[in-house]
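From a predicted model like this one, the values you see are computed outputs, not experimental measurements. Every chain is numbered from 1, with letters handed out A, B, ... down the list of sequences.
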There are 2 protein chains.
Amino acid sequence: MNESEFLAGYDPRMYPAVAVTVDVVALTIRGGGLRVLLIRRGEQPHAGLWALPGGFIRPGEDLPQAAARELAEETGLSGLGDRVHIEQLASYGTPDRDPRMRVVSISYLAFAPDLPDPRAGTDAADAAWHPVDKLPELAFDHDRILAHGLERARGKLEYTPLATAFAGETFTISELRGVYETVWGVPLHAGNFHRKILSVPGFVESTGETTESGGVRGGPRAKLYRAGDARLLHPALLRPAREEQIR
Amino acid sequence: MNESEFLAGYDPRMYPAVAVTVDVVALTIRGGGLRVLLIRRGEQPHAGLWALPGGFIRPGEDLPQAAARELAEETGLSGLGDRVHIEQLASYGTPDRDPRMRVVSISYLAFAPDLPDPRAGTDAADAAWHPVDKLPELAFDHDRILAHGLERARGKLEYTPLATAFAGETFTISELRGVYETVWGVPLHAGNFHRKILSVPGFVESTGETTESGGVRGGPRAKLYRAGDARLLHPALLRPAREEQIR
DNA sequence: AATGTTATTCTCATACTGAGATTGTCTCAG
DNA sequence: CTGAGACAATCTCAGTATGAGAATAACATT
């Protein structure tokens with residue numbers, strides 16, 4: 001039997017039925033804090049609970065494509081293509097994680113600059129940006145997925161220029177520092193941060209411009225920068241050591 | 001309709017059939033080089049080609065459990081529990097990656113110290129450790145998965161004590177350096193490496209013992225160490241900067 | 001005009017890194 | 001048995017990075 005004969009006689013139903021979904025941890029910075037996009041489930045199971053945007057993959061649809069579609073579809077946010085960074089996070093397949101059937105979920109992590117309020121899509125009764133430090137009860141094992149996504153995002157800030165994806169087209173060093181402080185949840189030394197950012201090759205490049213005016217509470221006009229061409233930060237920008245995480 | 005009524009009437013077949021597999025990138029150090037475990041496929045499709053060990057998940061089986069089972073089953077290597085580190089790598093779901101049907105594969109990365117030759121299991125016509133720098137043609141998109149696994153392994157050596165998982169119960173600093181040099185593929189400065197390893201808290205701890213004799217080509221007896229209790233290396237042991245990867 | 005805020009730049013002490021050299025122990029070839 | 005070479009372990013030294021604090025100056029608000 002050669003390969004084409006084999007394929008002609010192949011019956012997909014000989015393998016156990018598993019559903020595959022994608023779930024998206026979409027993060028943004030709003031109102032001074034880190035927020036995650038959640039939808040209120042309009043259907044069973046877990047109707048009424050908040051959940052990550054996501055759903056079943058479609059035939060012929062690639063995984064990242066499904067993640068982007070779910071994000072756009074369930075939130076009404078469209079045309080995200082340019083501004084949103086999206087990457088695979090992890091997969092979850094504990095047998096009883098969905099009461100309906102065996103569901104394996106591939107999670108994706110998305111970062112975006114301050115985005116408008118979402119509007120509810122078809123499956124979602126409601127959609128909103130929730131502060132990550134004040135979360136409602138989540139459906140399925142989405143609390144675990146979200147925790148994983150947050151940790152990944154915090155880590156990626158260290159060695160990639162991802163922070164610029166949370167900022168606008170142009171930004172000041174202070175705004176960039178605000179991104180780090182918000183995502184990491186720690187205050188950073190302004191002077192050292194400034195020195196560090198400018199010393200990492202390719203992280204930011206100057207636009208030659210400054211802000212139109214000083215800050216609302218005073219201070220000089222800040223120089224404006226845009227994202228540089230580096231894909232990795234070298235040397236990395238490390239978080240203050242967390243002794244408890246080492247052992 | 002409440003949740004239990006909903007579940008009672010739920011029909012899993014309303015969703016498109018997708019098969020879920022796990023594939024394992026199992027790495028070890030043998031014969032002075034980094035090697036990956038490959039099996040020669042005994043069945044269609046891609047019969048005769050080499051592939052990563054893996055297969056369909058079973059009902060009621062968790063993902064990591066499936067990965068461990070496939071590794072043991074298709075290679076004859078059993079009782080791996082204690083000595084093998086295993087972690088999730090990534091998922092692959094391009095629609096046409098398997099000619100039979102839609103297959104989503106969750107890949108796992110496994111590290112182990114020098115292991116014995118595998119013996120072929122049921123599905124595998126043959127199984128062997130292949131040097132990662134001299135690979136045969138691989139089935140499906142396994143070349144991509146393997147490349148991903150190698151990159152992950154190289155990165156994890158930097159900030160986790162993973163290298164000790166490639167060494168035996170006790171090891172010398174030089175042996176540990178050999179692990180880094182083999183996986184990273186670069187020579188390291190012996191003196192600096194030695195200083196660095198001993199300065200990272202919890203990476204290794206002394207056994208008080210030394211090797212029975214000097215090296216085969218001379219040199220004093222080396223002190224023996226065992227893995228310490230650190231889970232993260234701080235400060236990290238960074239690879240020499242690779243300029244081309246930064247931009 | 002005084003006061004407070006903030007961007008930016010410095011200083012300085014400490015820590016870490018890469019490169020090279022030194023010391024002393026061991027194996028192997030003759 | 002001896003000399004040559006290999007190698008573990010330690011040290012030196014210069015260059016670079018980091019943390020903490022301070023100084024300077026431009027701006028806002030009162």
Side-chain angles (χ1 to χ4, degrees), chain A residues 32 157-159 167 170-181 184 186-201 203-225 232-243 246, chain B residues 32 157-159 167 170-181 184 186-201 203-225 232-243 246:
Chain A
L157 286 198
E158 295 191 309
Y159 58 93
T170 66
F171 48 85
T172 68
I173 300 290
S174 289
E175 285 167 357
L176 193 60
R177 177 163 50 85
V179 171
Y180 276 91
E181 291 180 329
W184 285 350
V186 295
L188 298 175
H189 184 292
N192 292 342
F193 183 84
H194 204 281
R195 173 184 60 188
K196 174 75 186 180
I197 296 305
L198 296 185
S199 76
V200 175
F203 192 1
V204 299
E205 58 185 36
S206 176
T207 64
E209 312 270 299
T210 68
T211 51
E212 291 290 321
S213 66
V216 285
R217 282 173 301 209
R221 299 178 181 184
K223 293 178 186 169
L224 285 168
Y225 297 84
L232 289 177
L233 304 185
H234 185 80
L237 232 160
L238 299 176
R239 272 179 281 186
R242 300 136 288 148
E243 191 60 42
I246 294 176
Chain B
L157 287 198
E158 295 190 308
Y159 57 92
T170 66
F171 48 85
T172 67
I173 300 291
S174 290
E175 285 167 357
L176 193 60
R177 177 164 49 85
V179 171
Y180 276 91
E181 291 180 328
W184 285 351
V186 294
L188 298 175
H189 185 291
N192 292 342
F193 183 85
H194 203 281
R195 173 183 60 188
K196 175 75 187 181
I197 296 304
L198 297 184
S199 76
V200 175
F203 191 1
V204 299
E205 58 185 36
S206 177
T207 64
E209 313 269 300
T210 68
T211 52
E212 291 289 321
S213 66
V216 285
R217 283 172 299 201
R221 298 176 181 187
K223 295 178 185 168
L224 285 169
Y225 297 83
L232 289 178
L233 304 186
H234 186 80
L237 232 159
L238 298 177
R239 274 178 281 186
R242 301 136 288 148
E243 192 59 41
I246 294 177

Under 3.5 Å between N/O atoms: give me all the protein pairs with nucleotides 28-30 of chain C, atom names plus distance.
{"unit_1": "C:dC28", "atom_1": "OP1", "unit_2": "B:V216", "atom_2": "O", "d": "3.4"}

Rounded to the nearest 0.5 angstrom, the CG-CZ distance for A:L176 and A:F171 is 5.5 Å

Those residues at least two apart in sequence (or on a different chain) that pass side chain to side chain contact (heavy atoms under 4.5 Å, CB included) with B:L238 are B:E158, B:A236

Picking from C:dT8, D:dT10, C:dA7, the nucleotide nearest the side-chain atoms of A:A190 would be C:dT8

What one should report as the nearest heavy-atom pair of B:F193 and B:L188 is CD1-CD1, 4.0 Å

inquiry  = Evaluate B:Y225 against B:I197 for side chain to side chain contact (heavy atoms under 4.5 Å, CB included), listing each step before the verdict.
reply    = CA-CA 11 Å; B:Y225 297 83; B:I197 296 304; over 6 Å; no

- Message: Applying a 4.0 Å non-hydrogen cut-off, can you work out what B:T172 is touching in the nucleic acid: base, sugar-phosphate, or nothing?
- Response: nothing

*asked:* Strictly below 4.0 Å: does A:R221 bring a side-chain N or O up to OP1 or OP2 of D:dC27?
replied: yes

### Message
For a quick check of understanding: with a heavy-atom distance under 4.0 Å over all strands, which category does B:G219 fall into, base, sugar-phosphate or nothing?
### Response
base

Considering only heavy side-chain atoms of A:S174, the closest of C:dA7, D:dA8, C:dT9 is C:dA7

For A:E209, the salt bridge (charged side-chain N to carboxylate O under 4.0 Å, His left out) test, sequence neighbours excluded, returns none

B:E212 atom CD is separated from C:dC26 atom P, nearest whole Å, by 12 Å

Between CD1 of A:I197 and P of C:dT9 the distance, given in whole Å, is 14 Å

B:L198 atom CG is separated from C:dT17 atom P, nearest whole Å, by 13 Å

Atom CG of A:L188 and atom P of C:dT8 are separated, to the nearest Å, by 16 Å

Note to self: On the nucleotide D:dA8, are OP1 or OP2 found under 4.0 Å from the side-chain N or O atoms that B:R177 carries?
What the structure shows: yes

Side-chain contact check for B:P220: nearest option of C:dT25, C:dT8, D:dA9 is C:dT25

Contact string for nucleotides 11-18 of chain D, one letter per nucleotide 5' to 3', B = base within protein heavy-atom range under 4.0 Å, S = sugar-phosphate only, - = neither, reads -B-----B

Self-check item: Non-hydrogen side-chain atoms of B:T210 and B:L224 separated by less than 4.5 Å
Solution: no

Q.
With heavy-atom distances below 4.5 Å as the criterion, would you say the side chains of A:K196 and A:L237 are in contact?
A. yes

When rounded to whole Å, the NE2 to C1' distance for the pair B:H234 and D:dG19 reads 12 Å

Residues at least two apart in sequence or cross-chain that pass salt bridge (charged side-chain N to carboxylate O under 4.0 Å, His left out) with B:E181, listed by chain then number, are B:R177

Here the distance between atom C1' of C:dA19 and atom NE2 of B:H194, to the nearest Å, is 17 Å

Residue set satisfying side chain to side chain contact (heavy atoms under 4.5 Å, CB included) with A:V179, at least two apart, ordered chain then number -> A:I29, A:A163, A:F166, A:V183

Here the distance between atom C1' of D:dG19 and atom CZ of A:R239, to the nearest Å, is 18 Å

Please answer whether the main-chain N or O of A:G214 pairs with a side-chain N or O of A:T211 as donor and acceptor at a distance below 3.5 Å. no

Of the candidates C:dT27, C:dA7, D:dA9, the side chain of B:S213 sits closest to C:dT27

B:E175 CD to D:dC7 C1', in whole Å, measures 13 Å

